[in-house]
Amino acid sequence: MTDRPNWLNTAIFYEIYPQSFRDTNADGIGDIPGIIEKLDYIKELGCNALWLNPCFQSPFYDAGYDVEDYYTVAPRYGTNEDLVWLFKEAHKRDMHVLLDLVPGHTAITHKWFRESMKAERNEYTDRYVWTDSTWEEPDGMSALKGISERVGACGVNFFSHQPALNYGYYKPDPEKKWQQAMDAPGPVATREAMKDVMRFWLQAGCDGFRVDMAHSLVKNDEESKGTISLWQNVREFLDREFSEAVLVSEWGEPDKSLTGGFHMDFLLHFGPSHYNDLFRCDEPWFSKRGRGDVTAFWKRYQETYEKSCGGLICIPSGNHDMERLARRLTPDEMKIAFAFLLTMPGAPFIYYGDEIGMRYVEGLHSVEGGYERTGARSPMQWDASVNAGFSAAATEKLYIPQDKAADRPTVAAQRDDADSLYSEVKRLIACRQDHAALHNDAGIEFLEIENYPLAYVRKSSEEKLLVVLNPSDTVQTLRCGEKPGKAVYTIGGEISSTAEGLSVPPCSAGIYQL
């Protein structure tokens, strides 16, 4: 496992979708100066690290995940100098910044792809996954074809405008000459080009990268051995030149990603994690109705944690790809959900606006490839002024329409309200930072549970803490071998001893000394 920089052990991340956070030039789109303006707000909340979604030049068919130029900040967000300024201002506040690296594909407008489409061979001919026939698509991939003078079809990773970069095939098919080995000149050149991108921004002052679709680079790689090897090569480069650089993967298999040299892996909201059983289904476990089921998630999480061998696993409040917590949970239910998110191992990630319970905006047309995700990307709601303080632009110019409800949550309304979701999140973050047993790298002991309540022990060399969560609206009983001591945090009431075990109040969360 790769050694972690010390700051990552107490990092609490705040994810910023740049176009929707704060607009300072009244064009209806958020920008980097707006992020800088709000750094003190993020710091006051308790977050000490940022994850910025892609901010590079792009045609924005997929909200910036279709990169046109890895070396240039998109003009709508500002300049490279503005991004360097953000790094410096964050560091002044003892905060760190991760950029979003998209290594698997580019935009069709990227110079590399335009050159790769030419019939004459050049240094970019093998930069992407191309077949030798316009009629043959790469196995398991959709493809672009009939768009250039070059003969062949180019594989795409997701949308049809995202051609897949070529990192080679772990097991090339000898009958398909276009399938190149990982050590062929084209794949090696792609890997080195991505190192150059990382080198450029690390030298500029960023602290590392969250890596998009980190598991998807090498093709014909069922067990991910080739992709692990590729990232180990990248990690060797970073250890030589930027030993403090942090890598966080969108992978979902920590036994693979951490072996590859990542410091932390996301618990994904798709696949077998059962993550959304907790927050985003017809009967979320955190609903007070008490009809949810945590058992499949808990079993899977324990398996994943054991495979991580001490590495970090992130369970985010949400992100730009999923509906808001508030679509399924009330503010009071979200308080209990945050008690869970902020007491689990791994670095917490809070999606902008989740700390005030921003709602999913229903019925929106797709904006920049958002589709059903668009409602979770609406502009941040700061106060009661025009456009909720996000922008001085005319309302119709906003990047995405805002929640129009008269009671829409805002930072200003919640900041001075001791009973607000914002205040509860802030209190939980402070509690986490005050207790070594709740830090990102502290251990967890899994207790036997039936469904409600959920309980686990967090422990460090200094202390042991029992966490008990009962989001349901009925009293629950916990059978625990150890008698808990003083409460260090509670909401909804404290547990009490009975003949059957510990009585856990309804709609409650607590952290107790052991």
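What you see is a predicted model, and the numbers here were worked out from it, not measured in a lab. For reference, positions follow the sequence shown, starting with 1. We use all heavy atoms of the structure for the numbers below, so side chains are in, but hydrogens, waters and symmetry mates are not.
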Completion exercise
Given the options L342, L278, L267, I315 meets side chain to side chain contact (heavy atoms under 4.5 Å, CB included) only with L267
Practice task
Examine W298 together with Y456 and report whether their ring centres are nearer than 6.0 Å.
Solution key: yes
Handout entry: Pair Y128-T106, side-chain donor/acceptor within less than 3.5 Å
Key = yes
Problem - Heavy-atom donor-acceptor pair, H439 side chain to Q433 backbone, under 3.5 Å - result: yes
Problem - Electrostatic pair K307:E253 at N-O distance under 4.0 angstrom - result: no
Handout entry: For D403, all residues meeting salt bridge (charged side-chain N to carboxylate O under 4.0 Å, His left out), sequence neighbours excluded
Key = R359
Exercise for the section: Ignoring hydrogens and angles, state whether a donor on the side chain of Q57 or Y70 is under 3.5 Å from an acceptor on the partner side chain. Expected result: no
Exercise for the section: Could you pull out all residues at least two apart from P54 that satisfy side-chain contact (heavy atoms from CB on, under 4.5 Å)? Expected result: Y65, D100, V102
Completion exercise
All heavy atoms of S378 vs all of Y352, minimum pair found to be O-OH, 2.6 Å
Exercise for the section: Name all residues meeting the ring pair (Phe, Tyr, Trp, His ring centres under 6.0 Å) criterion together with F87; count only those two or more places apart in sequence or in a different chain, and write none if there are none. Expected result: none
Problem - Intermediate values then yes/no, ring-ring contact (aromatic ring centres under 6.0 Å, His included), W201 and F242 - result: CA-CA 11 Å; W201 289 111; F242 306 96; over 10 Å; no
Practice task
Determine whether the aromatic ring centres of F266 and F349 lie less than 6.0 Å apart.
Solution key: yes
Practice task
Please determine, by modelled atom types, if R4 and N440 share a side-chain donor-acceptor pair under 3.5 angstrom.
Solution key: no
Problem - Atom pair CE/CD of M322 and E372 - distance to nearest 0.5 Å - result: 13.0 Å
Problem - Side-chain donor-acceptor pair present, E15, H320, cut-off under 3.5 Å - result: yes
Side-chain donor/acceptor pairs under 3.5 Å, residues 179-188, sequence neighbours excluded:
| residue | atom | partner | partner atom | Å |
| --- | --- | --- | --- | --- |
| Q179 | OE1 | D173 | N | 2.8 |
| Q180 | OE1 | N166 | ND2 | 2.9 |
| Q180 | NE2 | D126 | OD1 | 3.2 |

Exercise for the section: Would you mind checking if D221 and K225 are paired as a salt bridge, meaning a charged N to carboxylate O distance below 4.0 Å? Expected result: no
Practice task
Determine yes or no for a side-chain-to-main-chain donor-acceptor pair under 3.5 angstrom, with T79 supplying the side chain and D82 the backbone.
Solution key: yes
Practice task
Just grab all the salt bridge (charged side-chain N to carboxylate O under 4.0 Å, His left out) pairs involving residues 21-39, residues at least two apart or on different chains.
Solution key: R22-E37
Handout entry: Check ion pair D40-K43 (N to O, under 4.0 angstrom)
Key = no
Problem - Ring centre gap for W51 and Y17 strictly below 6.0 Å - result: no
Handout entry: Y61: ring pair (Phe, Tyr, Trp, His ring centres under 6.0 Å) partners, not counting sequence neighbours
Key = H161
Practice task
For V73 and Y77, work out which heavy atoms get closest and say how close.
Solution key: CG1-CB, 4.1 Å
Problem - Residues that S142 engages under side-chain contact (heavy atoms from CB on, under 4.5 Å), provided they are two or more places apart - result: V156
Practice task
May I ask you to decide if A339's main-chain N or O and T343's side chain share a donor-acceptor pair within less than 3.5 Å?
Solution key: yes
Handout entry: K171 NZ: over 12 foreign heavy atoms closer than 6.0 Å
Key = no
Exercise for the section: Kindly write out the residues that satisfy ring pair (Phe, Tyr, Trp, His ring centres under 6.0 Å) with F237, not counting sequence neighbours, or none if the list is empty. Expected result: none
Exercise for the section: Measure from the side-chain N and O atoms of Q19 to the backbone N and O of I29, and report whether any donor-acceptor pair falls under 3.5 Å. Expected result: no
Practice task
Report yes or no: does S273 contribute a side-chain atom to a donor-acceptor pair with the main-chain N or O of L268 at less than 3.5 Å?
Solution key: yes
Problem - Side chain Y351, main chain R324, donor-acceptor under 3.5 Å - result: no
Handout entry: Rounded distance [0.5 Å steps], CG in L165 versus NE2 in H105
Key = 8.5 Å
Problem - E223, CD atom: more than 12 neighbouring heavy atoms under 6.0 Å - result: no
Problem - Test log, rule salt bridge (Lys or Arg N to Asp or Glu O under 4.0 Å), inputs R76 and E368 - result: CA-CA 14 Å; R76 71 186 196 177; E368 295 184 355; 2.9 Å; yes
Exercise for the section: Indicate yes or no for a side-chain donor-acceptor contact from R114 to the backbone of T109 under 3.5 Å, with no hydrogens or angles considered. Expected result: yes
Problem - F286 and F340 aromatic ring geometry - parallel, tilted or perpendicular at 30°/60° bounds - result: tilted
Practice task
Could you tell me whether a side-chain N or O of H435 sits under 3.5 Å from a main-chain N or O of A437, the two making a donor and an acceptor?
Solution key: no
Practice task
Using the test side-chain contact (heavy atoms from CB on, under 4.5 Å), find all partners of E222 that sit at least two apart in sequence or belong to another chain.
Solution key: none
Practice task
Kindly say whether G443 contributes a backbone atom to a donor-acceptor pair with the side chain of R458 at under 3.5 angstrom?
Solution key: yes
Practice task
Go through D212 and R210 one step at a time and tell me if the salt bridge (Lys or Arg N to Asp or Glu O under 4.0 Å) criterion holds.
Solution key: CA-CA 7 Å; D212 181 66; R210 175 268 188 188; 3.4 Å; yes
Problem - ring-ring contact (aromatic ring centres under 6.0 Å, His included) evaluation trace for F446 with Y305 - result: CA-CA 11 Å; F446 301 100; Y305 182 82; 5.7 Å; yes
Practice task
Apply side chain to side chain contact (heavy atoms under 4.5 Å, CB included) to L98 and F13, showing your working.
Solution key: CA-CA 9 Å; L98 299 188; F13 283 88; 3.5 Å; yes
Fill in the blank from the handout: Sequence neighbours excluded, the answer for salt bridge (charged side-chain N to carboxylate O under 4.0 Å, His left out) partners of K111 is none
Practice task
State whether a side-chain donor-acceptor pair under 3.5 Å links E68 with S58.
Solution key: no
Exercise for the section: Output the distance between atom CE (M198) and atom SG (C206), rounded to the nearest 0.5 Å. Expected result: 8.5 Å
Handout entry: Shortest non-hydrogen contact from G353 toward Y14
Key = N-OH, 3.6 Å
Handout entry: All ring pair (Phe, Tyr, Trp, His ring centres under 6.0 Å) counterparts of W382, not counting sequence neighbours
Key = F21, Y41
Exercise for the section: Could you verify whether a donor N or O on one side chain and an acceptor N or O on the other, from H91 and D207, lie under 3.5 Å apart? Expected result: yes
Practice task
Enter the distance from K397:NZ to S391:OG here, rounded to the nearest 0.5 Å.
Solution key: 8.0 Å
Handout entry: Full working for salt bridge (Lys or Arg N to Asp or Glu O under 4.0 Å) between R415 and E44
Key = CA-CA 10 Å; R415 220 168 183 174; E44 179 188 323; 2.8 Å; yes
Exercise for the section: Please name all residues satisfying salt bridge (charged side-chain N to carboxylate O under 4.0 Å, His left out) with D321, sequence neighbours left out, ordered by chain then number. Expected result: R373, R377
Practice task
Verify, without hydrogens or angle tests, whether Q414 (side chain) and I356 (backbone) share a donor-acceptor contact under 3.5 angstrom.
Solution key: yes
Completion exercise
All heavy atoms of M95 vs all of C47, minimum pair found to be CE-O, 3.8 Å
Handout entry: Nearest atoms (heavy-atom pairs only) where I108 meets P163
Key = CG2-CD, 3.7 Å
